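Structure first, commentary second.
Everything quoted here is computed from the prediction, not taken from an experiment.
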Amino acid sequence: MAAECVPEGPDLKEMGEEDVWELINDNRHRISLGVKPCMLIPYLRQARVLTEMDEDEILSCLKLNNSSMRTSHMLDLLRIQGRNGAMALLESLMIHYPTIYTQVTGRKPSTEPSGFSGLIKYSDLTEYLVKALTGMQKELKEARQEASRLGSRCTSLEAQLGQTLERQEESRRFKADHGRMRKNLAAAHHDILKLKDEKCGLYARYTAVIEERSAANIHCSDLNLQVYQLQFELRKAQTETDFERQRTLKCPAPSQTQRLQEEISTLRRQLLVAEKFTPALENILGQDLVEARDVHIELAEQLRCYREENEQLTRERQGMVEDKECLALQVQKLTLDCEMYQQKGTVIQSQLRELQAERDHVCLSRDEAQAQIARSLAEKDTLRSAHTEWKFSWESQGSSSDSLPSSPSPRPRLRRMHAICPDSDSVRGCNIKSGNITPSSVRSQNVEPPCPESLRTQEKTLWYNRDSSETAECDVLLDNDFVFIPGGNEVEQSVMSNMPSCQSNNSDGLSRASAPPFLLRSRPRAMRITGRVLTISFQGEALLSQLQVVGGNKTGVFVHQVTEGSAANTVGISSGAQILEVKYEQAQQALRMVLEDTTLEEAMWALGQVRGFCHLSLRPNQDAYEKLLLQSGEAMSGDSFYVRVNMTLPGGSQDALSVSCNDILHVTCTLPAGADRSWRASHVHPCQLLDLKTGNLPNYYRAQRLLISAIEDMSIQPMALRKARDKQKTVRIVSTGRQGRNPLWVCVEDSKDKSTGPGDGSAPRGCLTLMPYTLVTPHYPPVCRPVLLLPTILGRVLDQKLAEWQGFQLCEPELLSSSEHAARLQRSEVLEECEQGGQRCYTLQSVERVMKQGTHCVLPLGLDCVRRLHRAEIFPIIIFIAQSKSRAARKLKSKVQRQGWSEEQLLECSRSEESLLDKLPCLYRIVSPDSWDDKTTLLTTLHSIILEEQKKIVWVEPDLW
């Protein structure tokens, strides 16, 4: 509607060159931001205002960093072409960007012939518009499929949103229960504090009792000592008394006797006092000791009970805290999911609105193009009829002037050729009166305005004529006995034979509905001999039941046995023929698959997809087929390729092969006998191409499901278990999101059936697909490999010390001029610049000079240089020094700080570069932080690792990122 309200601008054909370019330059900013050069270049190339060199410069120049710069450079190149460049640019904008065309010129876009400048021939312009319309129809179809998928996805998201709300309500209940548990926990904690206070009082009482008991024991010991002394003195006094008594009897003295009697009485009094004091005190002390022991036992029992209660309360508190953390995490996840779903819903609705608007615009463009095509076809048929009549009249005039008495037979009427299936019984015996029939007559069989069904019918009829190089064949007469499918195997060159003259009265009455989407010869056996390649067309219903194949990607796929009486046997297929490719139709689409270097599993799946008429390209290769056969007549496996495993697979059964992540395996058979959905593979010796332990391995699609299950299990595992498994790598995430197809499966796709493998419904082409295995190729570096130490900060600290060892040399930067720097940057020979915008940089030549000396080149670079080195067939030894809770950083703290970095920067650099290691197309080594103690031991460890890696084979996979 907006385009209808735009006022009519000036007529472009009447404007001069400067006026047109002034109009374009006024809108240069809008064109640079809104136009993609890759959309306009095909039309500009066809208009001959841009050359192939210009296209490469626009799309591949490294100085043009974004689409706006490329578009601006394209405008500069078109400015050189003058008025033709401006008119071709505006016409391409009118076709691909009608809105921008209206904004620039002020005119509504139109596909009328008068609206074009005539830079392109009318037929070429019509063909270009048909191709553009076909592309728009495909995009509209994909947009509708995407809209339906997004609608179903929106419905599922609404259901998930309901579940999320239910979970949120449940989380609220959990929060209430959590608050109540916290209150109970606070009350229990208060009781525990009370018990602790009581326990402290009991401890004080117990300590006082123990001190009293110790004092009583000391006092009792003193009393016993005094009693012993008194007894000793008493015996001494008795002895003296006896002696004095005897002495007194001999010589009594009154004074002495009186004194002795006084001493004796004194001693007796002391003895009585001692005898009366000791038993009572001992009884008291004994009773106190018994009471103290009882109190001690009671206090110990209470203390044990309090300890048990305290431990139980502590356990309950820890459980409540863990429950609280889990609930908080669930609430946070649910909140994030809810916000994400809301954002996705908003984006989907906006995309649906944009798709509806684009659909309406495409429908209008389609109707205009259909009307234009109808008029073009009518004009074409009129011109062809006039040309034929003129040719007949000219021949009749020439024959009348001839002296021969006999007159030539009249030329037959111009007829359109139909593609007839050779298996049709109604036309096997027919004779077609052939004239000067060209392939272009097939294109214009209907002159009525085409509807969508007629467009699809014409697309099926012309499915083979996709290359622009084949348009020149439209003027060649089909004076042969069949029409083959071009655009397939380029090795084939048809050997045409003359078509026998035939008579038929009903050739014009054949139904177009019976014609398949390709042209074939009308005899039962349609075959084409092209050197040593034979193309055979036959009815391939249940093709695997008609023939048995053997071989693989190493030897090729061969026909092993052919069923007697089948269609394959009828057309002459025999054992020993190598199958190069197969073409067939599925869901009204012509599909093609090359089997020249596919595995046996892929070939079996591809041949199993054939459900009707097919073409097999065969090559007689009896010598290679006989090498596959054993003495018993059975065929051995012809598969042989090497893969890198991206997950850990434990060996479950006895014959299963146990592998770890990043292991290299040699697959020798993709369809082993007695093992369903398995491969036969072997471990590879690290230094030689020798097979070690052999066993069965899950095939690609079963391993892909195991990989997805392993990732799902890792996502729901507890954090502690996940950290424990992170120490040993179990999964490497590799996908086919950017490269378009799976390198381990050469597949064909269908608009309805997205199956890409046997028994597996995987995502369509272009979607992200996880890869459990990746193809690798062996390389044998003849000289010393460079060394790259990671993380980069730690590598800068160790590079200089490592370069001081014998056999190592540090890579030095080169000082380049501006022109030389630009030239080497264009050739991708600059690995890294020393400073931003400077002329000092590390180049491939500096690395090669060090390698030619027979020494290891120590690279003070980052991970970005690895792919540039691989393009130059240089494979560095990559060593990553792992960090563990800054332990390794503390070991080299002074060295790191001396270079101007902190421990936090080292750990951050280590984490960021460790996540990029899995994206490297080669293997790497990790140095554990527990394997070294200081800088000397670390350098010794690195030296031994480098010597070990130098002896190994370098396995490189295709760059998938």
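Within the 4.5 Å cutoff, the side chain of His870 has heavy atoms near those of the Pro921 side chain. Contact annotation: the side chain of Ser682 never approaches that of Lys693 to less than 4.5 Å [non-hydrogen atoms, C-beta and beyond]. Using a 4.5 Å cut-off on side-chain heavy atoms (C-beta onward), Cys661 and Arg732 make contact. Contact annotation: the side chain of Leu788 never approaches that of Pro786 to less than 4.5 Å [non-hydrogen atoms, C-beta and beyond]. Side-chain contact between Ile878 and Leu923 is absent, with no heavy atoms from C-beta onward closer than 4.5 Å. A 4.5 Å side-chain heavy-atom check between Ser658 and Leu649 finds every atom pair outside the cut-off. Thr648 is not listed as a side-chain neighbour of Val731, based on a closest heavy-atom distance of 4.5 Å or more. At least one side-chain heavy atom of Phe641 sits less than 4.5 Å from a side-chain heavy atom of Leu775.
Nearest heavy atoms, Gln688 versus Ile953: C-CD1, 3.6 Å. Across all non-hydrogen atoms, the minimal contact from Leu62 to Asn65 is O-OD1, 3.1 Å. Nearest heavy-atom pair across Met771 and Asn646 is O-ND2, 2.9 Å. Between Ile58 and Leu64, the closest heavy-atom pair is O-CD1, 3.7 Å. In plain terms, the two heavy atoms of Met647 and Pro772 that are nearest each other are SD-CB, 4.1 Å. Nearest heavy-atom pair across Tyr700 and Leu770 is OH-O, 3.9 Å.
The line from CG of Leu815 to CZ of Arg840 is 6.5 Å long, rounded to the nearest 0.5 Å. Taken to the nearest 0.5 Å, the CH2 atom of Trp679 stands 10.0 Å off from the CG atom of Leu665. To the nearest 0.5 Å, atom CD of residue Gln168 and atom CG of residue Leu334 are 7.5 Å apart. Note that the OG atom of Ser72 and the CE atom of Met69 stand 8.0 Å from one another [nearest 0.5 Å]. The distance from atom CD1 of Ile348 to atom OH of Tyr341, rounded to the nearest 0.5 Å, is 11.0 Å. Note that the CZ atom of Arg824 and the CG atom of Leu831 stand 10.5 Å from one another [nearest 0.5 Å].
Here the side chain of Gln809 pairs no donor or acceptor atom with the backbone of His856 at under 3.5 angstrom. With hydrogens and angles ignored, the 3.5 Å screen pairs no side-chain donor or acceptor of Asp799 with any backbone N or O of Leu810. Of the possible polar contacts, none joining the Asp56 side chain to the Met53 backbone as a donor-acceptor pair under 3.5 Å is found. In this structure a side-chain-to-backbone donor-acceptor pair under 3.5 Å is missing from Ser910 to Leu906. Judged by distance alone, with hydrogens and angles left aside, the side-chain atoms of Thr777 form a donor-acceptor pair with the main-chain N or O of Val956 at under 3.5 Å. Panel note: side chain Thr855, backbone Met851; no donor-acceptor pair is recorded below 3.5 Å. At distances below 3.5 Å, at least one donor-acceptor pair connects side-chain atoms of Ser912 with backbone N or O atoms of Glu908. A donor-acceptor contact shorter than 3.5 Å is absent between the side chain of Ser846 and the backbone of Cys811.
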Start with the C-alpha gap between His178 and Met320, add the side-chain angles, then the distance that decides, and say whether side chain to side chain contact (heavy atoms under 4.5 Å, CB included) holds. CA-CA 8 Å; His178 178 63; Met320 291 178 181; 5.8 Å; no

As a quick check of understanding, evaluate salt bridge (Lys or Arg N to Asp or Glu O under 4.0 Å) for Glu170 and Arg167, giving each step before the final call. CA-CA 5 Å; Glu170 186 177 359; Arg167 294 177 182 174; over 6 Å; no

The test is side chain to side chain contact (heavy atoms under 4.5 Å, CB included); show your working for Arg868 and Val866 and say whether it passes. CA-CA 6 Å; Arg868 299 188 182 97; Val866 175; over 6 Å; no

Evaluate side chain to side chain contact (heavy atoms under 4.5 Å, CB included) for Tyr924 paired with Asp918, printing each intermediate quantity in order. CA-CA 9 Å; Tyr924 55 88; Asp918 286 342; 3.0 Å; yes

Give the intermediate values and the outcome of side chain to side chain contact (heavy atoms under 4.5 Å, CB included) for residues Arg785 and Val954. CA-CA 10 Å; Arg785 298 166 58 188; Val954 181; 3.4 Å; yes

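Residues Phe875 and Trp955 keep their aromatic ring centres 6.0 Å or farther apart.
Ion pair Glu848/Lys852 not flagged as a salt bridge, since none of the NZ, NE, NH1 or NH2 atoms sits closer than 4.0 Å to an Asp/Glu carboxylate oxygen. For Arg911 and Glu914, the salt-bridge test fails: no basic side-chain N is under 4.0 Å from an acidic carboxylate O. A salt bridge is absent between Lys919 and Glu913: the closest approach of a Lys/Arg side-chain nitrogen to an acidic carboxylate oxygen does not fall below 4.0 angstrom.
Around CD of Gln332, the count of heavy atoms belonging to other residues, nucleotides or ligands within 6.0 Å does not exceed 12. Within 6.0 Å of NE2 in His779 there are more than 12 heavy atoms belonging to other residues, nucleotides or ligands.
Evaluation of the salt bridge (charged side-chain N to carboxylate O under 4.0 Å, His left out) rule for Asp76 yields Arg28 as partners, not counting sequence neighbours.
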Side-chain donor-acceptor pairs of residues 937-949 under 3.5 Å, sequence neighbours excluded:
residue, atom, partner, partner atom, Å
Thr937, OG1, Asp933, N, 3.0
Thr937, OG1, Asp934, N, 3.0
Thr937, OG1, Asp934, O, 2.9
Thr937, OG1, Asp934, OD1, 2.8
Thr940, OG1, Thr936, O, 2.9
Thr941, OG1, Thr937, O, 2.8
Ser944, OG, Thr940, O, 3.4
Ser944, OG, Thr941, O, 2.7
Glu949, OE2, Arg925, NH1, 2.9
Glu949, OE2, Lys952, NZ, 3.3

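Between the side chains of Ser68 and Ser32, no donor N or O sits under 3.5 Å from an acceptor N or O. Of the N and O atoms on the side chains of Gln845 and Glu814, not one donor lies less than 3.5 Å from an acceptor on the other residue.
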